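Read through the structure below, which is laid out as structure tokens, and then see the notes.
Note that the numbering runs from 1 along the sequence shown for the chain. These numbers were taken from a predicted model, which means no experiment stands behind them.
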Amino acid sequence: MPPFPMPDAHPITDADLADLVQRMDEAAKAFIKGDIDHYLSMFDHADDYTLMSPTGGPTVRGFDFSEEYLESIRTFFTAGEATLEVDQTYVSGDLAVLVAVERQRGVVGGTPEQDWSLRVTLVFRKVGDGWALVHRHADGLVHPIPFSHLGELARGLEA
């Protein structure tokens with residue numbers, strides 16, 4: 001076996017990547033409004049999908065497609081606007097990585113309208129003519145914070 005992956009028979013093209021970025025931008029716009037059905041129509045979630053949530057905690061494995069979870073998204077995210085601002089893309093074989101900021105402003109979890117922008121790293125697998133989200137890592141550190149505050153976040157909430 002060669003020391004590096006063999007080139008994919010159907011490499012991801014610039015047009016494929018542009019389509020993926022457009023889909024993710026549209027998905028972000030839908031999600032902040034609680035339109036989980038439209039969000040889910042933009043791409044699949046791979047069976048081996050992992051999520052590193054912006055609220056912290058352990059890595060979540062698999063996407064919860066239960067009606068109870070989907071309804072919780074519909075009611076938690078109720079209004080807002082979003083734009084995907086891509087900083088960098090990477091392609092290797094059938095994988096594409098987007099390093100981006102989801103610039104978001106909205107009403108989330110009953111809070112007053114505010115900035116909910118997230119730094120995100122998204123890993124997609126090309127599947128036929130579509131995409132499957134393999135991994136999402138998001139955090140709310142779009143705006144710089146002092147190192148002491150980072151230490152507080154790292155320790156987590158204390159009882």
### Query
Have Thr50 and His135 got a donor and an acceptor in their side chains that come within less than 3.5 Å?
yes
Please tabulate, one pair per line, all N/O donor-acceptor pairs under 3.5 Å involving side-chain atoms of residues 140-148, not counting sequence neighbours.
residue, atom, partner, partner atom, Å
His143, NE2, Asp115, OD2, 2.8

### Query
Charged N to carboxylate O under 4.0 angstrom, Glu102 versus Arg136?
yes
### Query
Under 4.5 Å between side-chain heavy atoms, hopping through other hydrophobics if needed: is there a path connecting Val86 to Met24?
yes
### Query
Hey, mind stepping through Phe76 and Val108 against side chain to side chain contact (heavy atoms under 4.5 Å, CB included) and telling me if it holds?
CA-CA 6 Å; Phe76 194 75; Val108 177; 3.4 Å; yes
### Residue pair Asp64 / Leu70, side-chain heavy-atom distance below 4.5 Å
no
### Task
Among residues two or more places apart or on two chains, list those pairs meeting ring pair (Phe, Tyr, Trp, His ring centres under 6.0 Å) that have a residue in residues 25-48.
Phe31-Tyr39, Phe31-Phe77, Tyr39-Phe43, Tyr39-His45, Phe43-His45, Phe43-Phe124, His45-Tyr49, His45-Phe63
### Query
Roughly how far, to the nearest 0.5 Å, is CG of Asp139 from OG1 of Thr55?
11.5 Å
#### Entry: Reported OG1-to-CG distance for the pair Thr89 and Leu20, which is rounded to 0.5 angstrom
9.5 Å
### Summary
Value for CG (Leu51) from OG1 (Thr59), rounded to nearest 0.5 Å, stands at 8.0 Å
### Message
Tell me whether Arg125 is salt-bridged to Asp48, with the criterion being a basic N under 4.0 Å from an acidic carboxylate O.
### Response
yes
### Message
Please give me the minimum heavy-atom distance between Lys29 and Ile32, naming the atom from each residue.
### Response
O-CG2, 3.4 Å
### Query
Is Leu133 linked to Leu40 within one hydrophobic cluster, defined over Ile, Leu, Val, Met, Phe, Trp and Tyr using a side-chain heavy-atom separation of less than 4.5 Å?
yes
#### Entry: Shortest non-hydrogen contact between Ile12 and Asp16, atoms and distance
CA-OD2, 3.6 Å
## Note on the structure
Shortest non-hydrogen pair, Arg23 vs Ser41, comes out as NH1-O, 4.5 Å
### Query
Shortest non-hydrogen contact from Asp25 to Ala82?
OD1-O, 4.4 Å
#### Entry: same_hphob_cluster(Val97, Val21) at 4.5 Å side-chain heavy-atom cutoff
no
### Task
Please check if Val101 and Tyr90 belong to a single hydrophobic cluster, counting links between Ile, Leu, Val, Met, Phe, Trp and Tyr side chain heavy atoms closer than 4.5 Å.
no
## Note on the structure
Taken to the nearest 0.5 Å, the spacing of Asp35 CG from Glu26 CD works out to 9.5 Å
### Message
So for atom CD, which belongs to Glu67, do other residues, nucleotides or ligands contribute more than 12 heavy atoms lying within a distance under 6.0 Å?
### Response
yes
### Query
So if you build clusters from Ile, Leu, Val, Met, Phe, Trp, Tyr with side-chain heavy-atom gaps below 4.5 Å, do Leu118 and Ile73 land together?
yes
### Side-chain donor or acceptor of Thr121 paired with backbone N/O of His137 under 3.5 Å
no
### Query
Does Asp37 come within less than 4.0 Å of Arg74, counting only side-chain N to carboxylate O?
yes
#### Entry: Nearest-0.5 Å distance that lies between atom CZ in Arg119 and atom CD in Glu85
13.0 Å
### Message
I'd like to know if the side chain of Ser92 reaches the main chain of Leu95, judged simply by a donor and an acceptor atom lying under 3.5 Å from each other, with no hydrogens or angles considered.
### Response
no
### Message
If you compare all heavy atoms of Ser72 against all heavy atoms of Thr75, which two are closest, and at what distance to 0.1 Å?
### Response
O-OG1, 3.3 Å
### Message
Closer than 4.0 angstrom, basic N to acidic O: yes or no for Arg105 and Glu81?
### Response
no
